[in-house]
Every structure is written in C-alpha cells, then in structure tokens.
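In what follows, a structure is listed as structure tokens, so that the remarks can point back to it.
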Amino acid sequence: MAPTPLTIAVPKGRILKPLAGLLARAGLDPALLLADDRTLIRQITPELRFLLLKPDDVPTYVEYGAADLGVCGRDVLDERASDLYRPLDLGIGKCRMIVAGPVRDGAERSESLRLGQQASLPRIATKYPRTAAAHFARRGIQAEVVYVIGSVELAPITGLAELIVDLVETGATLVQNGLEEREEVARISTMLVANRASFKLRQEMIGPLVARLREATGG
Ligand code: PRP
C-alpha cells in the first residue's frame, strides 16, 4: 500500500502568495497551490499534498494529525495555546499585534498620561480574547474583552468598545478609521508548525523539507 502523502495545512488568503514564493525557492512547484479553483486538497506529488483551510483551522488539523505540518501565524497559535512543535519561522506574513484607540489630541493625550491609564475597566474588542486579556493582565489593567470576528476597527467608532487589539501591517486601516496605535502587544510572523508525533515518525520526509525551507528563508 502506498504511504499517506506528507500533508501540509495552509491558510487560504493573503499569505498564499508569499508562501508560494518561499516554496518555489525551496524547490517545490507552487503552481497547483495557487490554482484558482475550489479544490481543497492540492496534490503536488504522490508524496506531498496541501490542504487549503481557513487560517484559524490550521492548528486544529495539525494538532489532531489530519495534517503533519501547517503554516500558521503566531497570532493564531498564541491565541489557541496550541500544543504544536514550531520548527521554523518562515519569515513571511510579518505584522504586529497592537492596542489601538481613537486618535487623541494633545490635551487628551496628556490627560490620559496624568491619570496613568485609560478609563477604568476599558472595554476591548478583539478577535484575540485570550491574547488581549493576558496583555492587559500583565499591564495590571482590568479590562472587559468583547469578541468580534472581523472589521474590528469599527468597534471604537461605533461605541462597542473604547479600544481594540488587532493586527496592523501598513497602518492604513487604522488611519482610515480615525484610530491610532496605543501600544504593541506582540510581533507576528508566519510559522511552520508540526504535529508532535508526525515530526518524530516522519522525520525522514519532514527533516529535509524543513532544511530546504530554512535555506529558502535565508536562515
Ligand atoms: C487585517 C487586520 C486589520 C488590517 C490591518 O484585517 O485585522 O484590519 O488587516 O492591515 P493594515 O495595517 O495593512 O491596514 P483583514 O484584512 O484580514 O480583514 P478583517 O478585518 O476581516 O480581519
């Protein structure tokens, strides 16, 4: 019986293009991965296939062994506290997780400095409730965290929350919605993750692949 191909869970969306570039540099043909169709399994060679998933589902597939490897942002991994091995930072998808709020004028800024912090018990809207709660707890600030899935920048504009915790890349979304960065929570990049059992049992396939990818990242 033919062995199960090595299975890599990858997120659909904006990371696919830089990932394809990285795979090409590692000697893998990314054409099938980029093909514009609705197939969710992309069989690259008899030994290798990709599963196309929503970014938030990648850790689940890898953790349960439905995929041996996965490509996943640190934001999602930290939020899920997933029990996955992280053999390589792929150096793509770089962005930052930040706290942001409405743009303040000079007087408002010095007022909040004088008071030490924001208003007591600020309400924070975010797609990352665990990460946000941990950040504010570390800062000694009690915060109420409200879970939203997307368009997080709307929350302070509409009064749903005073602040948001979200990803920022160029900063354009913040500016265009009248928001400013208040503090950095974490630096984010895209990681290669591995199922712990697969990483040991399929090392003869995974080891060389990780080495090629590491070389392709310039690391
Ligand atoms: C992400 C993030 C910000 C935006 C930041 O949203 O949540 O909204 O990108 O990028 P920028 O700093 O370059 O403007 P995404 O586009 O993934 O959509 P979402 O709001 O549905 O999460």
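Atoms within each ligand, like the ligands themselves, are counted from 1 in listed order.
Of all atoms in ligand 1, listed by their number and element, those nearer than 4.0 Å to a heavy atom of Val168 are 12 (O). Close approach to Leu167 involves these atoms of ligand 1, each under 4.0 Å from a residue heavy atom: 2 (C), 3 (C), 5 (C). Of all the atoms in ligand 1, the ones that sit under 4.0 Å from a non-hydrogen atom of Glu153 are 3 (C), 8 (O). The ligand atoms of ligand 1 that sit less than 4.0 angstrom from a heavy atom of Thr173 are 4 (C), 5 (C), 8 (O), 10 (O), 11 (P), 14 (O).
The shortest N or O to N or O distance between Leu174 and ligand 1 is not below 3.5 Å.
Among all non-hydrogen protein atoms, the one lying nearest atom 7 (O) of ligand 1 is Asp166 OD2, 2.8 Å. Of all protein heavy atoms, the one closest to atom 19 (P) of ligand 1 is Ser151 N, 3.9 Å. Nearest non-hydrogen protein atom to atom 22 (O) of ligand 1 is Gly150 CA, 4.1 Å. Taking atom 13 (O) of ligand 1 as the reference point, the nearest protein heavy-atom neighbour is Thr170 OG1, 2.6 Å.
Formation of a donor-acceptor pair under 3.5 Å by the Ser198 side chain with backbone atoms of Asp68 is not found in this model. Within the 3.5 Å criterion, the main-chain N or O of Arg130 finds a donor-acceptor partner in the side chain of Glu79.
Among the candidates Glu162, Gln142, Glu144, the single residue satisfying the side-chain contact (heavy atoms from CB on, under 4.5 Å) test with Pro122 is Glu162.
Taking the side chain as every heavy atom from C-beta outward, Glu63 and Asp83 approach each other to under 4.5 Å.
If you chain together ILVMFWY residues whose side-chain heavy atoms come under 4.5 Å of each other, Tyr147 ends up grouped with Ile149. Other cluster members for Val58: Ile41, Leu51, Leu53, Tyr61, Val62, Leu77, Leu84, Met191, Val193, joined by side-chain heavy-atom distances under 4.5 Å among Ile, Leu, Val, Met, Phe, Trp and Tyr.
The option with the heavy atom closest to atom 9 (O) of ligand 1, from among Arg96, Glu169, Lys127, Arg14, is Arg14.
One finds no salt bridge joining Lys94 and Asp89 here, because no Lys/Arg side-chain nitrogen approaches an Asp/Glu carboxylate oxygen to under 4.0 Å.
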